[in-house]
Visitor: 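Sharing a structure with you now.
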Amino acid sequence: MMSRFADAAKVATSKYPKTTNKTIKYGTAGFRSKAEELDFIMYRMGLLAALRACDTKAAIGVMITASHNPVQDNGVKLVDPMGEMLAPAWEVHATTLVNASDDEIPRALEKIGGEARIDLNHSPLVFVGRDTRPSSSQLCDAVISGVRVVGGDVKDLGVITTPIIHYVITCHNDGGTYGVPSEEGYYQKICEAFVKLRSSGASNGNYEPIVYYDGANGVGALMIANFLKHLGNSLSVSIYNDDGVLNHLCGADYVKVQQKWPEGVPRIQNVRCVSVDGDADRVIYSYIDSNDKYHMLDGDKIATLIAGYIQELLKNSGLKLKLGLVQTAYANGASTEYITRKLGVPVACAMTGVKHLHHMALQFDIGVYFEANGHGTVIFSKEARAAIRDAAQRNNENANKLSQVLDVINETVGDAISDMLLVETVLHARGWSIFDWDKAYADLPNRQMKVTVADRTVITTTDAERVCVTPEGLQNSINEMVKAYPQGRSFVRPSGTEDIVRVYAEASSQEQADELAIKVAGAVYDQAGGVGSKPQSL
Ligand SMILES: CC(=O)N[C@H]1[C@@H](OP(=O)(O)O)O[C@H](CO)[C@@H](O)[C@@H]1O
Ligand SMILES: [Mg+2]
């Protein structure tokens, strides 16, 4: 019998033939590689998205972006019905489908359909969005072809940020409860709440409503301009890096990793600079102080600022809701210490990757989660949201504020611009300058290194990646090394996005953190099959 998916193979062969025999895996960030290697993968992800839409009987999202990677790269990730990352079982299906030969596509689709017991009579709807990369438009056409060849409908959102597609998908699938399912609906919801929260005046104490915005030369620069149309005089945003080479010497990843002021932004003392990444789902703040010293405020600083403020609103409102913060092993030790000891907010540690953090944040009524690199948000349980809205209606002033704060937040995924507006809201409420915020606690000096090994899967970990299980003996070596450094901490784990092992070290001085990182990197090289030359310096 001819497969109902026969056309999928025909179009694959004629328009999107497979161009590699390498095995490819759907990773933490979906599929990512050089743009010219991606046509066939995009087409197949269109096919898969349509099947997933049948499976969930809901609209599915496809975002074409390689986030902070160089402009030559591109990538694709699927968004599940409530804005979540694609379910793990479907990551496996994605991998199977991408690794099938062109002729095997119908069989692979039948198999996925069978395993997931999909109702193929459902007519699938797929939303697609893309970043500003020159390759994105053509790759988007490949996705659309994939969806259509199996009878799906497409809504093309055009050039948008990753968080906007997550928001639109969620609103579409919940019948508009979370908000109006459109790009315009997104701006309106967030901005209206933000403007209301500062209706008594945009300045307050040490807070001045002025930011410099580093758009990473990407979609974040376009979208902030749309935000500004809704923000009136509430915040003055000067936009920089809006038409150069994507992510080049600027943007959130550059600022965080290089710990440097972004190129293209005027180097003015004591001004808050907000850097977003290539698809605007990550944000990092930085400033130059009066002594011309550079300071970077990362996801940990953002998370502690937000959690501290929500805790205060909760306390003053009398609402009994359980607030918690989720971090990863990369969170600076000083931030964990500050939030647990000073603020008394419980902290949980999740494995790297936002889906793990998101999942762990669900255990709290209000869960704040952030990776140190600036990706994160706040999520509220249904009950928490209802309790807040209810108390707000009964004129509880703090609950009312919290209710408006809730609308500034994009709960569906980490969102650079919504997170920025949230940070600005807290600073405004507290009357803080960026300096006041920064001095809450001092980061422990830290260092990250990469080690290349023959097979990074020989490294396995436990306890949210903080303890290394294999190769046997490596953790003991790390323990011995760490002992020699005051406030020393170090761990190693295989990257989920690059073919390397990551080493993290922190200690009481930068020299010591660097020294510890180099020693631990050496131990990884010796005990886990290092290749090339042994790491001896940074
Ligand atoms: C140390 C670090 O920043 N790791 C990043 C990086 O993961 P790795 O598994 O470490 O390669 O990419 C992930 C996806 O973008 C992001 O979630 C994560 O935070
Ligand atoms: Mg990103």
Side-chain angles (χ1 to χ4, degrees), residues 25-32 63-71 73-77 79 85-86 91 129-133 136 160-166 215-220 223 246-247 251-259 275-284 296 298-300 303 326-332 349-360 369-377 410 413-419 446-452 456-457 459 461 464-466 490-506 517:
K25 197 168 171 259
Y26 191 98
T28 324
F31 294 108
R32 234 179 242 191
M63 180 68 193
I64 296 148
T65 179
S67 185
H68 63 272
N69 285 37
V71 65
D73 292 3
N74 217 322
V76 58
K77 45 191 176 188
V79 182
M85 304 292 168
L86 184 65
E91 290 189 2
R130 61 182 198 272
D131 70 12
T132 54
R133 283 163 216 268
S136 289
I160 48 156
T161 67
T162 292
I164 296 181
I165 195 167
H166 282 256
N217 294 317
V219 63
M223 301 292 107
L246 181 67
N247 296 323
D253 196 62
Y254 172 82
V255 167
K256 167 75 180 156
V257 176
Q258 304 296 327
Q259 311 205 8
S275 294
V276 307
D277 73 337
D279 61 340
D281 62 355
R282 276 166 59 179
V283 63
I284 298 284
M296 192 250 308
D298 64 3
D300 300 337
V326 183
Q327 303 184 309
T328 70
Y330 291 99
N332 197 278
C349 185
M351 292 193 328
T352 302
V354 280
K355 65 181 173 199
H356 299 298
L357 285 101
H358 185 101
H359 185 74
M360 203 168 259
Y369 70 86
F370 267 88
E371 292 193 302
N373 64 22
H375 190 158
T377 187
N410 181 354
V413 79
D415 181 332
I417 302 177
S418 147
D419 286 339
N446 58 87
R447 178 63 61 196
Q448 274 197 54
M449 285 181 75
K450 299 178 185 185
V451 184
T452 309
R456 72 188 198 280
T457 63
I459 299 211
T461 61
E465 306 173 321
R466 290 172 292 192
S490 179
F491 65 92
V492 302
R493 55 175 280 280
S495 161
T497 60
E498 290 175 64
D499 193 9
I500 44 114
V501 176
R502 290 194 202 282
V503 172
Y504 177 89
E506 63 187 31

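Whatever order the structure lists ligands and atoms in, that order sets their numbers, starting from 1.
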Visitor: Would you mind checking if Glu465 and Arg502 are paired as a salt bridge, meaning a charged N to carboxylate O distance below 4.0 Å?
Guide: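 No.
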Visitor: Distance only, no hydrogens: is a donor on one side chain within 3.5 Å (strictly under) of an acceptor on the other, for Tyr504 and Arg466?
Guide: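 On atom types as modelled, these side chains do not qualify, holding no pair under 3.5 Å.
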Visitor: Report the nearest protein non-hydrogen atom to atom 15 (O) of ligand 1: residue, atom name, distance rounded to 0.1 Å.
Guide: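 Residue, atom and distance for the closest contact: Ala29 CB, 4.5 Å.
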Visitor: I'd like to know if the side chain of Arg456 reaches the main chain of Glu498, judged simply by a donor and an acceptor atom lying under 3.5 Å from each other, with no hydrogens or angles considered.
Guide: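 Answer holds: yes.
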Visitor: Would you say the side-chain atoms of Thr161 pair up with the backbone N or O of Gly220, donor to acceptor, closer than 3.5 Å?
Guide: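 Looks like no, no N/O pair under 3.5 Å.
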Visitor: Does Asp131 use its side chain to pair, donor to acceptor, with the backbone of Val219 at less than 3.5 Å?
Guide: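 No, Asp131 side chain to Val219 backbone: no donor-acceptor pair under 3.5 Å.
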Visitor: Among all the protein's non-hydrogen atoms, which is closest to atom 10 (O) of ligand 1, and how far away is it?
Guide: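 Here the nearest protein heavy atom works out to Arg502 NE, 2.7 Å.
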Visitor: Side chain, backbone, both or neither: which part of Arg493 comes within less than 4.0 Å of ligand 1 when only heavy atoms are counted?
Guide: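 It is the side chain that gets close, since no backbone atom is under 4.0 Å.
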Visitor: Strictly under 6.0 Å, is that where the ring centroids of Phe370 and His375 end up?
Guide: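 No, the ring of Phe370 stays outside the 6.0 Å limit from the ring of His375, centre to centre.
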Visitor: Quick test: of every protein heavy atom, which one is nearest to atom 13 (C) of ligand 1, and how far off is it to 0.1 Å?
Guide: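 Among all protein heavy atoms, the one nearest atom 13 (C) of ligand 1 is Thr497 CG2, 4.1 Å.
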Visitor: Please list the nearest protein heavy atom to atom 16 (C) of ligand 1 with its residue and the distance rounded to 0.1 Å.
Guide: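 Residue, atom and distance for the closest contact: Glu371 OE1, 3.5 Å.
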Visitor: Counting only N and O atoms by type, is there a donor-acceptor contact under 3.5 Å from the side chain of Glu506 to the main-chain atoms of Ser490?
Guide: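 Not confirmed, Glu506 side chain does not pair with Ser490 backbone.
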Visitor: For atom 4 (N) of ligand 1, what is the closest protein heavy atom, and at what distance to 0.1 Å?
Guide: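 Going by distance alone, atom 4 (N) of ligand 1 is nearest to Thr352 CG2, 4.0 Å.
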Visitor: If you measure from each non-hydrogen atom of Asn373 to ligand 1, which part falls under 4.0 Å: side chain, backbone, both or neither?
Guide: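 For Asn373, the contact with ligand 1 is made by the side chain alone.
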Visitor: Which residue is it: Lys77, Arg130, Arg133? I am looking for the one with a side-chain contact (heavy atoms from CB on, under 4.5 Å) to Ile64.
Guide: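 Of the listed residues Lys77, Arg130, Arg133, the side-chain contact (heavy atoms from CB on, under 4.5 Å) partner of Ile64 is Arg130.
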Visitor: Check this for me - ligand 1, Pro494, N or O atoms closer than 3.5 angstrom, yes or no?
Guide: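 No, there is no polar N/O contact under 3.5 Å.
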Visitor: List-wise, which protein N, O or S atoms are found short of 2.8 Å from the Mg ion (ligand 2)?
Guide: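 You should have found Ser67 OG, Asp277 OD2, Asp279 OD1, Asp281 OD1.
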Visitor: Counting each atom of ligand 1 from 1 as listed, which ones have a heavy atom of Ser495 under 4.0 Å away?
Guide: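 Ligand 1 atoms under the 4.0 Å threshold to Ser495: 8 (P), 9 (O), 11 (O).
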Visitor: Is it the case that Asn410 and Ser418 place a side-chain donor and acceptor less than 3.5 Å from each other?
Guide: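 Distance-only check fails for Asn410 and Ser418.
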Visitor: Please check: side-chain N/O of Asp279 versus main-chain N/O of Thr65, any donor-acceptor pairing under 3.5 Å?
Guide: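 Not at all, since once roles are kept as given, no pair shorter than 3.5 Å links the two residues.
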